Amino acid sequence: MAKEITSRAENYSQWYNDIVKKADLAMNSAVRGCMVIKPNGYAIWENMQAQLDKMFKEAGHVNAYFPLFIPKSFLSKEAEHVEGFAKECAVVTHHRLKNDPHGSGLVVDPEAKLEEELIVRPTSETIIWNTYRDWIQSYRDLPLLINQWSNVVRWEMRTRPFLRTAEFLWQEGHTAHATQKEAIEEAEKIHEIYARFAEDFMAMPVIKGRKTENERFAGAVETYTIEALMQDRKALQAGTSHFLGQNFAKAFDVKFLDQNNQEAFVWATSWGVSTRLVGGMIMTHSDDEGLVVPPKLAPLHVIIVPIPKPAPAINEVAEKLLQGLKAKGVKVKYDHDEKKRPGFKFAEHEMKGVPIRIGIGKRDLERNVVEVARRDTKEKTSVPIDGIIDYVETLLNDIQTNLLKKAKGFRKDHMHTADDFETFKQIIESDGGFVLAHWDGTQETELRIKELTKATARCIPIDNLQEEGQCVLTGKPSKERIVFAKAY
RNA sequence: CGGGGUGUAGCUCAGCCCGGUUAGAGUGCACGUCUGGGGGGCGUGAGGUCGGAAGUUCGAAUCUUCUCACCCCGACCA
């Protein structure tokens, strides 16, 4: 049978689509631009959620929920914010349908027009800050550290599963602070949490940095970002954390009295990661055989396959492994389907990215071993049944570590520096990847570089090396290199 | 909103130009059977408003007109 996954070399975006489909992560829905996240994909998101939620709570945040709908007038209160989102909003104008008097089904009842139109939230700053006004009176109400798990809608022209969809799932944190310093520290703390999550759980190395003015969130004073490198050597913005200054406090009149009975506007942050992370995970680790999932996010750690099919002696060993592994918290299943052949099962579980496969056959049992295959390297080893539980536990850790190491190696191989524009352009056009280059700090130059090369300023790395240099385009003096790349 | 394209079985598509038996294939699905250490073979079977409407015609998946939906390229966004 022909291979069902297009190779990365042949067509990278087709490869991505094939993985999403063959690993049963998601499918296109009847609604344009919106996907159905299938159980296998949703389980990965749930694992991400569980871990992030734990990290937020450890940092003192609590969850709440705000409305899906935002009155149109709210959105326009912060000038830059409205400009950033106005072009991609879904708008609710009516609240009732009726039968068409001409008999062609349901129509919008023109008499049910809303007095004020409602926007389906593209993000919740406005509704939240309008609410915070009522919650905050005193410095004793601060800091206010709230997170929300929700869906948002941004009416995108071109969509791709997980990476950019019209509706997506995310978390959005919104915090209020008494001082600027504290708010900046909050944004930085979340930035750090995102980076740690990406590396420790997704095994996805990221560059931590600040956005240039041009790439900043609409309404933010400073945007912190984590940027990852995908296998097509394009950058993926994987999570952002914003210091909002007093912009929203002023727009929504959120003031508090400090210890000295002085009235002041509060300082704000907001931050979010979305189901886009699933896309990032796919493109960081997967190969031409299918999905590869880091064990810490895997819906299933181990699949046991009887060879050639279930039989009493095999079932007995499988049952022993199931019990032993489950007791250690390993997520394991026995594929006892009698209708499918072992080869089919191997391919199927590989496509779905199960980190470890254990094959049990008659030949193995004669030697008191089972065959352990790891998804990341495809190595197969015969392991004595006696020590199998410990072996699997260790191997899961090894896989997690190896994936990060491999991804770091890949990023290193595609991290370039450029000191003149010809080199810069040539790197972007040939290898791609991240290019570190001096920049004169102007929005004009940044836009010109984008125009000429399609590469954008991804970020100004945190703790960036300070060195004298000249802007790669204009030759004007510069004090540090920033990261450029073609981006998703 | 421009330019191009596609709608036929769950999915991928052939058939249309040049109208004419009961509309096909692969895959998937169901059942049986032989297999069995990397996506098996054979057999049987279920599955269709041919996107929709109107028209031309003795006769339309096929021709004409209208219409709806979706996809690709661009614009927009990242």
Side-chain angles (χ1 to χ4, degrees), chain A residues 1-6 11 13-14 17-18 21-24 27-34 83-89 103-105 122-123 152-160 162-166 168 211-212 214-218 223 225 227-228 230 234-240 272 274 276 279-280 288-290 303-311 314 335 337-352 357-367 369-373 375 378-382 446-447 450 454-459 484-488:
Chain A
M1 179 171 272
K3 279 190 81 156
E4 298 184 31
I5 296 174
T6 308
N11 183 342
S13 16
Q14 191 56 48
N17 291 338
D18 288 351
K21 185 176 171 188
K22 300 307 290 186
D24 225 12
M27 60 185 284
N28 287 323
S29 71
V31 184
R32 192 197 125 89
C34 298
E83 196 180 326
F85 287 104
K87 280 172 284 184
E88 48 184 10
C89 285
S104 58
T123 179
V152 286
V153 168
R154 297 180 186 175
W155 212 262
E156 302 287 355
M157 290 291 196
R158 277 174 77 53
T159 60
R160 301 191 64 193
F162 294 110
L163 298 171
R164 174 173 286 109
T165 46
F168 56 92
K211 284 292 191 188
T212 60
N214 192 46
E215 297 281 332
R216 218 172 268 158
F217 175 73
T223 288
T225 179
E227 299 282 327
M230 304 293 100
K234 280 166 75 175
L236 184 79
Q237 176 180 302
T240 48
S274 71
R276 177 179 245 203
D288 290 348
E289 261 54 61
I303 186 73
I304 302 174
V305 179
I307 299 166
K309 64 179 180 183
I314 294 173
D335 189 345
D337 189 336
E338 302 208 15
K339 298 289 181 182
K340 290 176 181 152
R341 299 155 57 84
F344 183 88
K345 291 176 181 176
F346 293 173
E348 191 178 38
H349 297 298
E350 245 160 42
M351 283 193 298
K352 291 189 177 174
R357 181 185 74 235
I358 299 180
I360 310 175
K362 204 163 37 164
R363 280 193 329 237
D364 302 306
L365 294 185
E366 279 162 11
R367 295 163 47 217
V369 298
V370 291
E371 183 193 74
V372 177
R375 178 63 184 87
K378 310 227 183 56
E379 283 169 303
K380 290 193 271 196
T381 323
S382 285
E446 190 183 339
L447 292 173
K450 181 179 178 181
K454 300 262 194 295
T456 50
R458 298 322 306 153
C459 68
F484 286 91
K486 282 192 194 167
Y488 272 94

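Chain identifiers are assigned alphabetically (A, B, ...) following the order of the sequence lines, protein sequences preceding nucleic acid strands; residue numbering begins at 1 within each chain. Since this is a predicted model, take the numbers as computed values, not measurements.
Spacing between B/C73 and B/C13 at atom C1', rounded to whole Å, works out to 23 Å. If you take atom C1' in B/U8 and the same atom in B/G4, they sit 22 Å apart, rounded to whole Å. Using atom P as the reference point in both B/C72 and B/C58, the two lie 44 Å apart (nearest Å). A distance of about 6 Å separates the C1' atoms of B/A9 and B/G48, rounded to the whole Å. Comparing B/G3 with B/U67, their P atoms are spaced 15 Å from each other, to the whole Å. Rounded to whole Å, the separation between the C1' atoms of B/U64 and B/A14 comes to 24 Å. Here the separation of B/G74 from B/G37, taken at their P atoms, is 47 Å to the nearest Å. Annotation: B/C66 and B/A25 have their P atoms spaced 35 Å apart (nearest Å).
If you take NZ of A/K362 and P of B/U35, they are 13 Å apart, rounded to a whole angstrom. Rounded to an integer number of Å, the gap from A/E338 CD to B/A30 P is 15 Å. Rounded to whole Å, atom C1' of B/C11 lies 14 Å from atom CG of A/D18. Distance CG (A/N28) to C1' (B/C72): 14 Å, rounded to an integer number of Å. Rounded to an integer number of Å, the gap from CZ of A/R357 to P of B/G38 is 10 Å. For the pair A/I307 CD1 and B/G40 C1', the computed distance is 16 Å after rounding to whole Å. Rounded to whole Å, the distance from CG on A/N17 to C1' on B/C71 is 13 Å. When the C1' atom of B/G39 is taken as reference, atom CD1 of A/I5 falls 11 Å away, rounded to whole Å.
Side-chain proximity of A/P308 to B/G37, B/G39, B/G36: nearest is B/G36. Closest contact between the side chain of A/R32 and the listed nucleotides B/G39, B/G38, B/C70 involves B/C70.
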- [ ] Convert the base pairs of RNA chain B into dot-bracket notation, remembering that pairs crossing earlier ones are written with [ ] and that bases paired across to another strand are shown as |; include only Watson-Crick or G-U pairs under 3.5 Å.
- [x] (((((((..((((......[...)))).((((((.....)))))).....(((((..]....))))))))))))....
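When each of A/R164, A/Q237, A/R276 is paired with A/Y488, the side-chain contact (heavy atoms from CB on, under 4.5 Å) condition holds for A/R276 and for no other. Paired with A/E350 under the rule salt bridge (Lys or Arg N to Asp or Glu O under 4.0 Å), one option of A/R357, A/K345, A/R375 passes, and it is A/R357. Evaluated for a side-chain contact (heavy atoms from CB on, under 4.5 Å) with A/I303, the options A/E348, A/H349, A/K352 yield exactly one hit, A/H349.
Residue A/R341 places at least one side-chain N or O under 4.0 Å from the OP1 or OP2 atom of B/G40.
Here the shortest heavy-atom pairing between A/T6 and A/D18 reads OG1-OD2, 2.6 Å. Closest non-hydrogen pair, A/K234 versus A/A487, comes out as CE-O, 3.9 Å. Among all heavy-atom pairs drawn from A/P122 and A/F85, the shortest one is CB-CD2, 3.8 Å.
A donor-acceptor contact under 3.5 Å links the side chain of A/K380 to the base of B/G38. Between the side chain of A/E350 and the base of B/G38, a donor-acceptor pair under 3.5 Å is found.
By the neighbour-count criterion of 12 heavy atoms within 6.0 Å, atom CD of A/E83 is sparsely surrounded, having that number or fewer from other residues, nucleotides or ligands. More than 12 heavy atoms of other residues, nucleotides or ligands lie within 6.0 Å of NZ in A/K378, so this atom counts as buried by the packing criterion. Surrounding NZ of A/K21 are at most 12 heavy atoms belonging to other residues, nucleotides or ligands under 6.0 Å away.
Of the possible polar contacts, one joining the A/K211 side chain to the A/R458 backbone as a donor-acceptor pair under 3.5 Å is found.
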TODO: Go through A/F168 and A/T159 one step at a time and tell me if the side chain to side chain contact (heavy atoms under 4.5 Å, CB included) criterion holds.
DONE: CA-CA 11 Å; A/F168 56 92; A/T159 60; over 6 Å; no
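Using a 4.0 Å heavy-atom criterion, one finds that A/M351 contacts the bases of the nucleic acid, with or without backbone contacts as well. Nucleic acid contact for A/K345: none, since no nucleic acid atom lies under 4.0 Å from a heavy atom of the residue.
Closest-nucleotide positions on RNA chain B for A/P342 and A/G33 were compared, and the one nearer the 5' end corresponds to A/P342.
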- [ ] Sugar-phosphate means primed atoms, P, OP1 and OP2; the rest is base. With that split, encode nucleotides 73-78 of chain B 5' to 3' as B, S or - using protein heavy atoms under 4.0 Å.
- [x] S-BBBB
